[in-house]
Amino acid sequence: GVVAHRLADFQTKVLGHTHPPRVRLEHAALDAAAEAHDDLVAVAGLADLVQARHTTADRLLEALDTRSRLARRPLLTAVLSDVAAGSCSLLEHDFLNLVERAHGLPRSQRQVRASARGPVFRDVVYEAFGLIVELDGRLFHDNARTRDRDLDRDLDAAVTGLLTVRLGWGQAHLRPCETADRIGLLLQQRGWRGSLQSCGACSPGQR
């Protein structure tokens with residue numbers, strides 16, 4: 001029942017002083033992410049380790065720098081770099097390009113300053129249609145205080161007549177066509193007279 005694998009750069013990837021010797025956590029996590037059946041599972045696996053404080057995004061990036069042939073390397077590098085910098089810019093980039101532009105949605109405003117409870121910034125605002133899209137990278141930095149603050153922001157927006165929807169990695173990166181379809185419906189319900197365009201990858205059942 002034992003399967004042997006050859007391991008390049010053995011000394012840096014293995015903790016030889018442990019009993020039994022084992023692969024370092026960061027490298028084992030990257031291997032699991034590379035072999036995951038989809039991108040969301042790959043990202044979530046790394047997220048769980050960071051959130052539980054078993055490792056950090058910086059340590060994972062250091063390990064990733066030594067793995068030039070790892071599957072999903074560009075995606076994992078971009079996600080971990082954003083997390084290490086404290087931003088969700090990759091998620092914002094995916095929404096802009098894969099959801100909004102690719103499907104002909106109206107142009108939104110981004111990082112709009114609001115001040116209902118001190119200065120805050122809305123990720124995506126369709127001001128003419130009263131719709132806010134918050135891009136939630138909660139996979140990596142979820143905690144009760146952050147969630148409570150976000151819910152207060154949504155409630156403040158609702159008081160001023162704005163609808164807030166929250167999207168994550170699954171909606172923006174894995175299912176952009178389905179997400180664009182639903183955002184388009186919300187915008188049409190709120191006065192948008194345009195129509196959704198096919199990005200070329202949309203299924204026949206989508207508008």
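Counting from 1, the numbers follow the sequence of the chain as shown.
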With heavy-atom distances below 4.5 Å as the criterion, would you say the side chains of Leu186 and Trp192 are in contact? no
Count the heavy atoms belonging to other residues, nucleotides or ligands that lie under 6.0 Å from CD of Gln11, then report whether that count exceeds 12. no
Look only at the side chain of Glu100 and the backbone of Arg107, and say whether a donor-acceptor pair between them is shorter than 3.5 Å. no
I'd like to know if the side chain of Arg72 and the backbone of Ala33 have a donor-acceptor N/O pair within less than 3.5 Å. yes
Would you find more than 12 non-hydrogen atoms of other residues, nucleotides or ligands less than 6.0 Å from Glu127 atom CD? no
Spacing of Leu135 atom CG and Asp123 atom CG [to the nearest 0.5 Å]: 5.0 Å
Closer than 3.5 angstrom, by distance alone: can the side chain of Asp136 be matched with the main-chain N or O of Arg166 as a donor-acceptor pair? no
With a 3.5 Å distance limit and no angle check, can you tell me whether Thr179 reaches the backbone of Gln171 through a side-chain donor-acceptor pair? yes
Keeping the roles fixed (side chain from His103, backbone from Leu98), state whether a donor-acceptor pair exists under 3.5 Å. yes
Quick one: pull up CZ in Arg59 and CG in Leu49 and give me the separation to the nearest 0.5 Å. 11.5 Å
Non-hydrogen side-chain atoms of Cys177 and Cys199 separated by less than 4.5 Å: yes
Hey, any chance Val165 and Leu196 share a hydrophobic cluster, counting ILVMFWY side chains that come within less than 4.5 Å of each other, even indirectly? yes
